[in-house]
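Since we're looking at a predicted model, the values are computed, not measured.
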Amino acid sequence: MKIDPMIAGFADELTAWRRDIHAHPELGFEEHRTSALVAERLRAFGCEVATGIGRTGVVGTLRVGNNPRAIALRADMDALPMPEANGFAHRSQNPGVMHACGHDGHTTMLLGAARYLAATRNFDGTVHFIFQPAEEGRGGAQAMIADGLFRQFPCEAVFGMHNFHTLEAGRVGVRPGPAMSGGGVFDIEVAGRGAHGALPETGVDPVLIAAHLVTALQSVVARNVSALDSAVVSVTQIHAGDAYNVIPDTAVLRGTFRGLRLDVLEAVKARIETIARDVAAAFGGRAEPQVQIRVIPLINDAAEAAWAAGAAAEALGADAVERDPGIIMASEDFAYMLAERPGAFLFIGNGKGSVPVHNPHYDFNDEILPIGATLWARLVEARLKKAE
């Protein structure tokens, strides 16, 4: 790996920044401490700083020379609503909130790149450093866009990066076209009629209806989505009843669905709604499904993905770049930024076999902080190269 010597020189500071953010995680649109920290550092580096973009979002801007071209780099800042099971010194100090997806590392890598680029100024043009709130299902990208992100900070391309546990530490993957699924959630409230557990014939059992719904919903992908497409439907929660001998009035099912095409997501949504209502009616009950598509599929621009892969190979070495990694069925709201501007989403290895994201034992690998910062810096220098 070709880590820039200057960035290597402040790698210990990057680790300290990252661990500080990890110890103080904040949920989406509540990243007040993190946003203030990011804005303070960007100002110290010499960047122009705008705050409150998408409520708690921050954008730092660095302009060098007279070149009108501009690009944007994005990192996410929010944590997840889950407890941390780690015992190290920088574990979460906020009960029930944890940086279990590595956004602490993403933020730090982009800060490292901003520090380097502000010091060296070895490019000609403008770079916008986007620090996004609320990536974890709360609509942070959409909020920033609605606040005029790309009107206020115009750019020809936007790039994002996320750590991943199946790649060796520091290795980078980027693919053209579909890279991550879109997804949504569903809440289905089943209304039956309560009864004594020993006299089920006197009521309408919502638990029985819920059980049949779990089975029926598995047919959505198997019998409604082409075998050439990819989709998944998972029921992840069932809530009903409080006593051994009481059939309750209601049951609630919740879950998620994913797909790589928006039309597939819309078809899955429609089938979940129809199946929920019809299965409940067949057993004498009622169902009120609330189904939402929350994130569109993430689709990399083919030309920008190829360019990013080439620039990454030049920056880190050809053997450090995987140009066609597998599609990931998780979702990422950077997809909305890619729907507004061409660009690409890259993956950086957290270490093959490391704890996967959204796990209470997860931690970002500090060894890749200077690698990610170097990659961001080199992408800017390559895209906005100074005239010879």
Side-chain angles (χ1 to χ4, degrees), residues 1-24 31 33-51 53 56-65 67 70-77 90 99 102-133 153 155 158-163 169-170 172 308 311-312 314-316 346 348 364-386:
M1 294 293 176
K2 302 175 183 177
I3 299 174
D4 184 271
M6 179 184 290
I7 294 174
F10 56 76
D12 288 346
E13 290 180 71
L14 295 180
T15 296
W17 297 351
R18 202 282 301 178
R19 294 186 178 186
D20 176 64
I21 296 171
H22 186 97
H24 301 90
E31 308 95 336
R33 181 185 187 276
T34 307
S35 293
L37 182 153
V38 166
E40 178 185 355
R41 295 239 160 83
L42 290 171
R43 290 189 183 100
F45 302 155
C47 296
E48 303 168 27
V49 177
T51 60
I53 311 297
T56 46
V58 179
V59 179
T61 298
L62 195 58
R63 307 177 198 275
V64 176
N67 187 346
I71 67 167
L73 309 177
R74 173 271 203 179
D76 37 19
M77 300 187 292
H90 61 277
H99 268 297
H103 298 185
D104 50 343
H106 304 162
T107 294
T108 302
M109 290 189 295
L110 192 54
L111 282 173
R115 175 175 173 174
Y116 167 86
L117 290 166
T120 58
R121 306 177 77 82
N122 185 31
F123 65 96
D124 185 15
T126 299
V127 56
H128 302 297
F129 305 102
I130 300 171
F131 293 86
Q132 182 204 305
F153 310 99
C155 58
V158 61
F159 299 92
M161 182 159 54
H162 202 293
N163 75 97
V172 173
E314 183 66 26
L316 304 177
L346 295 78
I348 184 167
F364 192 89
N365 183 353
D366 291 323
E367 292 183 4
I368 71 172
L369 292 170
I371 300 173
T374 296
L375 175 57
W376 277 144
R378 295 292 183 262
L379 289 182
V380 171
E381 291 172 340
R383 188 62 169 245
L384 304 176
K385 192 173 183 178
K386 282 187 172 182

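Atom CG of Asp4 sits about 4.0 Å away from atom OH of Tyr116, to the nearest 0.5 Å. Note that CG of Leu73 is 9.0 Å distant from CZ of Phe131, once rounded to the nearest 0.5 Å. To the nearest 0.5 angstrom, Thr126 atom OG1 is 7.5 Å from Leu384 atom CG. From Leu42, atom CG reaches atom CD of Glu48 across 11.5 Å, with rounding to the nearest 0.5 Å. To the nearest 0.5 angstrom, Arg383 atom CZ is 14.0 Å from Asp124 atom CG. Atom CG of Asn163 and atom NE2 of His103 lie 8.0 Å apart (nearest 0.5 Å).
Side chains of Asp20 and Leu37 form a contact here, defined as non-hydrogen atoms less than 4.5 Å apart. In this structure, Arg19 and Asp366 have side chains that are in contact, with non-hydrogen atoms separated by less than 4.5 Å. Residues Thr120 and Glu381 are in side-chain contact: their nearest non-hydrogen atoms beyond the backbone lie under 4.5 Å apart. Inter-residue side-chain proximity for Thr108 and Phe364 is flagged as unmet; no heavy-atom pair is nearer than 4.5 Å. Under the 4.5 Å side-chain criterion, counting only non-hydrogen atoms from C-beta, Phe45 is in contact with Leu111. For the pair Asp76/Glu31, no side-chain contact is recorded, criterion being any heavy-atom separation below 4.5 Å from C-beta on. The shortest side-chain heavy-atom distance between Trp17 and Leu369 does not fall under the 4.5 Å cut-off. Residues Ile371 and Leu316 have side chains in contact (heavy-atom distance under 4.5 Å, counting atoms from C-beta outward).
Counting heavy-atom neighbours within 6.0 Å of Glu40 CD, excluding the residue itself, gives a total of 12 or less. Heavy atoms from other residues, nucleotides or ligands lying under 6.0 Å from CG of Asn122 number more than 12.
By the 30° and 60° cut-offs, the orientation of the rings of His22 relative to His99 is tilted.
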task: Please report the C-alpha distance between Leu62 and Arg121 in whole Å, then the side-chain angles of each, then the deciding distance to 0.1 Å, and finally whether the side-chain contact (heavy atoms from CB on, under 4.5 Å) criterion is met.
output: CA-CA 9 Å; Leu62 195 58; Arg121 306 177 77 82; 3.8 Å; yes
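A side-chain donor-acceptor contact under 3.5 Å links Ser35 to the backbone of Thr56.
Taking every heavy atom of both residues into account, Met109 and Ile368 meet most closely at SD-O, 3.9 Å. Closest heavy-atom contact between Ile7 and Ala377: CD1-CB, 4.5 Å. When all heavy atoms of Ile3 and Ala8 are compared, the closest pair comes out as CG2-CB, 4.0 Å. Between Ala50 and Phe153, the shortest heavy-atom distance links the atoms CB-CZ, 3.6 Å. The minimum heavy-atom distance between Ala119 and Met6, with the atom names listed, is CB-SD, 4.2 Å. Contact record, Trp376 with Ala113: CB-CB, 3.5 Å, taken as the closest heavy-atom pair.
Checking each of His106, Gln132, His128 against Arg74 for a side chain to side chain contact (heavy atoms under 4.5 Å, CB included) leaves exactly one that passes, namely Gln132.
Stacking of Arg115 on the aromatic ring of Phe10 is recorded, both the 6.0 Å distance cut-off and the 45° axial limit being met.
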